[in-house]
Each structure stands twice: as C-alpha cells, then as structure tokens.
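One structure is given below, represented as structure tokens, and several questions about it will come after.
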Amino acid sequence: MRTIPTLAALGLVATAATAQVDNLRITEVMPTTDQVEITNTGPAFSVASDVRFCHRFNYASSVPAGTVFGAGEALVFTVSALDDADSDLWIYRSPTFADPNEIIHGVKYGPAPSVGRTQIASTVGLWPDATAFAPAPGAGQSLAFDGFGNDPQDWYVDATPSLGQADPSAVGTTPAGLGVPTGTADFEQVALGDSVEALINWPLIDGGSVDGDFDVRVVGDVEGASGPAPTPGSTRWLRVRDQDGAAANRFYSGTLNSGGPFSYELRFFAYLIEVPPVAAPSKPRVTVQHVVNGGGFTNTWGIEFDEAGASLVVLASGGSPTILPIGGTGPGAWSEIVLAVDFASSTVSASTVSGASVTAQIAPAGNVDPAGLRFCYRGEGAGNVATLLFDDIGFAFEFCQHDLGFQGPGTAVASLCGFGLDAGQRSTYAVAGAPSSALGTLLVSFDGGANTSILGGTLVSIGTFAFSVPLTADASGALSLDVGGSSVVNDFVLQSVFLDPSTVGGVAFTNAILARAGQ
C-alpha cells in the first residue's frame, strides 16, 4: 500500500486519544482473504476502546482496545465474512452504527446500490451516494486508497497487494515500447495499481507539499466502473489524479529522437473525469517538449483540458499562448486526439476521429531541436485540479519508404512518405516531373518478382504483378495518392509509367518504391 502522509508531518498534532482515533483510515482491502489494512495518519497512540468494523450489517470484527499505532503505521486486521464481490466497509469510533457522525472512514465496492450503511455514510459526506461504488478487486488483488477524498475515484485495484507495508510497485516495466517510429504505450503489460514512476524513463515530479496529492497509476476503472475501453481489447490505462493545482506537477516519457527534422503525429486517448474549475486561471495540459540545443527541454505545443473539453495550445516564447478549442471532446467519454506537426508548412493541427480539427502556425525558436522530443503531462498552475485518463500514447514520425531506383527514361520521380503502412496508418504516394496532364498507371507487385526491361526502362518485380491503378498527372506533372495501411504483413513494389512522347519508347518510368505494409 502507498505511504499516507501523517498529520504530524503536516504540523497537525492531536492531543486526545479520542481525536487520534479519527486519524485512522482504511487504506487497503483484500476481500478474498478478509484482510483490511488500517493506517494511522496521525501521531502514535493506543486505541482506548474498540474501533468497530461494519459491513452489510456485520459487526463482529474490530480494531481491539489497546492496539498501539505508531505515527503513520499501517496494521492488518481480519474482518469476518467480508463479501468478495460487493460490500460496504466502515470503521466506527463507537458501536452506534445508525449514527453517521460515528463513522470514521470507509468504502463501498461492487455495483449493488444501497448496501449496508452506504446511504448513511453519504449523509455526512463520507461517500457520494448510495449508488456510487469502487471496483471490486479480483482474486489475488486488493482495493487500495489513494490517501485523499471520499469518492470511488480515490480507490484503485492493486494487482500487487501490500497490506501492512509500502506498495512494491514493479521497477523497470516497459509500457509496450513507446519509441520511434509508431511506438505506442498502451500499458497492457503494466500491473494494475503501479505508479507511472515504475515505468522505465517515465519520471514523475510532485511539487506539492502533501505527498500523494498528485498521483499517476495504471488502472482499469472510470470513476469506479469498469470501462468503457478506449479501443477493443484495451483493459488498462493511466489515471492522472491531480489535486494540487498550484504545484509543479508533471510526468513525462523517455526522450525520443527521430534522426532528423521530420514531421510527426502524437496520438493518444483521453477521458476527462474531474475537470478543473471554470474560474481556474490555469488548466492541465499535455505538451510536446522539444530538446533545447545546449541542454534541457522546452514546451512547444500540445493539448489543454478544461470543463468544455480539449483545446490545441501553442506556447509562444515570451508571449501569450494560442488556444483553439477542439469540438467533440467534452468530459465523460474517451476521445482519440491527434496532434500533427508539419515542419514544412510551419503548422500544428489537433483533430479527433469525429472530424473536429483546428490548425495554428508555429515558429520554433532557433535553438529547438526538431528531432528530440517527449510526451509530458503538466498540471501546475493555480486551481487546475483534475482527474484524467490517458491511453495508447504514441508518436509516429513521417518517413519515406525505401527507394529501389530504376528511374527513367523521362523525368518522373515517385516517393511514398507518411506515418507508416500498419493498420490505421496512412502514407502518400506522390509523383513529380511527369509530362503535363499525362495519363499513366501505377503498377503494384509483390516484392521478389522478376524484373523486365521494356521500352527503354525497367519494370521492377513485375513478375509477381498484383494489380494496377489508373493515374492522371496535373498540369504541373504532379499527383498524389492516399495509401492506407494494413495489419497483414506484405512487401509491395510500387512503380508508375506515363505516356511521354519525348522519350524514345513514348513512355516515362518512375523509380520503384518498396512499400512495407503491416509493420
């Protein structure tokens, strides 16, 4: 279980044993073994009279009188007949169970409404209402408390239970290979409950004065309910619970290097659970941080979140940022957001799969390295408390498929560039230098076929010809064709021929391109 900050550490010292009992918290529950962790968030004390457990009207268990808690100490107790799938669980300072003012702390897990004393606890703000619930942990799992608040979102399923001790989050977990190009961090291989700090090269900076007010964990719940998943098969994602809006709270991925000033896309899914107050002058942001030549990073552009949804933000050095709202990105649902940077046109755009899109001009400072960058969540700023979910965080860098050569006769030249040809990716087949308004054909063959020399040129791999696509160049002798990706792995050869009366054979040949689909 995570360490809960002691009230003594915050300078608040209780003097009476009865008041010290109020410092007890249920911090981890393992229903399948009937075990409950109780943590003392205050100074050391001895329990004067039984602290009673209540769950579904079972009052048989207690923290016995005489139990000694050290400052910040967590102890483990057995609660009789705790339901594995659905129950409330409260600790009381006295056995007056119908009096909500005697409840110290508790939780409701599982979806059944109005179980036990849940409704009573809600009347004094210890739970939202009788229908609210945290997720029920499965076999070998526990339900753990973040340390602050009385809502389902303050609890998470922990796949590595640690009753009575600090949470042993796995060290060095790789989030499914965020890399270059087209790497995606989907968190499916990370244990539920692990902090982002357990991931390789994903540091977390908590600038708040209270430990735990900024918390980033791998979870599989949305406000206590299971799902909905951002994509089919997705079961785990990052939950950012940022409760200190004034501190320098952030986390970021490892640094990526594309090898050149290539345009790129940042794609990720976002779900807004708790949005910052409307009046908050600062809002949480996902930014792309670029390496600054000479050392360090600078925020360049990204996505800002507020009560209305997401906005594109471009951060101007020494000036006010450009902020453009993106439609269809409000709270309460997953949104897939694409941030596309085009260095050739000096633009950055943000869009969603629903079709909403905004674009802004960019002017990176001269000392910004366009090849070195990383993903960063930034939560600092006055009043910007928030709870968000993120999944499938990935960068894709524009690159060109391999040029096999064999261009000519004629001056037509082809390229196939974009963000790859895997499922969901797209690239552009482009031709320049063809005769004005010339008719032509794109020949697509499987790689490895025999070449054929004809009309002064060479058709590459034409021995395994697959299909053709008719083409027409524009007045300047250029054209472009959108090429979608595929999950099926195959190597294709693309080559075009055009009618060209200036050549001996009357035909112009572009160079051949090796297109690698499904990878």
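Here, residue 1 is the first one in the sequence, and each next residue gets the next number.
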TODO: Quick one: sort the Phe397 and Phe395 rings into parallel, tilted or perpendicular, breaks at 30° and 60°.
DONE: parallel

- [ ] Can you measure from CG (Asn150) to CH2 (Trp127) and round to the nearest 0.5 angstrom?
- [x] 8.0 Å

- [ ] Decide, yes or no, whether a salt bridge links Lys108 with Asp86 under the criterion of side-chain N to carboxylate O below 4.0 Å.
- [x] yes

TODO: For this output row, return yes or no: ring centroids of Trp334 and Tyr271 closer than 6.0 angstrom.
DONE: yes

Task: Interatomic distance, Leu204 atom CG to Asn249 atom CG [nearest 0.5 angstrom] - done: 7.5 Å

- [ ] Report yes or no: is the cationic atom of Arg374 (NZ for Lys, CZ for Arg) closer than 6.0 Å to the six-membered ring centre of Phe297, at no more than 45° off its axis?
- [x] yes

TODO: Supply the atom-to-atom distance Ile323 CD1 to Ile303 CD1, rounded to the nearest 0.5 angstrom.
DONE: 11.0 Å

Task: Separation between CG of Asp129 and OG of Ser122, rounded to the nearest 0.5 Å - done: 6.5 Å

Task: Heavy-atom donor-acceptor pair, Asp186 side chain to Glu188 backbone, under 3.5 Å - done: yes

- [ ] To the nearest 0.5 angstrom, please state how far the CG atom of Asp50 sits from the OG atom of Ser94.
- [x] 11.5 Å

TODO: Identify whether the distance between the nearest side-chain nitrogen and carboxylate oxygen of Glu307 and Lys283 falls below 4.0 Å.
DONE: yes

Open item on the list: For Val190, is there any backbone N or O sitting under 3.5 Å from a side-chain donor or acceptor partner on Arg236?
Closed with: yes

Task: Between Glu102 and Thr96: side-chain donor-acceptor atoms closer than 3.5 Å - done: no

Task: Heavy-atom side-chain proximity of Gln243 to Thr387 below 4.5 angstrom - done: yes

Open item on the list: If we count only N and O atoms by modelled type, under 3.5 Å, do the side chains of Asp242 and Tyr377 hold a donor and an acceptor together?
Closed with: yes

Task: Residues Asp391 and Ser234: side-chain donor-acceptor under 3.5 angstrom - done: yes

TODO: Starting at CG of Asp99, measure out to CZ of Arg93 and round the result to the nearest 0.5 Å.
DONE: 9.0 Å

TODO: Please determine if Asp146 and Arg239 form a salt bridge, counting it only when a charged side-chain N lies under 4.0 Å from a carboxylate O.
DONE: yes

Open item on the list: Is a donor from one side chain sitting under 3.5 angstrom from an acceptor on the other, for Glu37 and Thr27?
Closed with: yes

Task: Flag, side chain of Asp88 to backbone of Arg117, donor-acceptor distance under 3.5 Å - done: yes

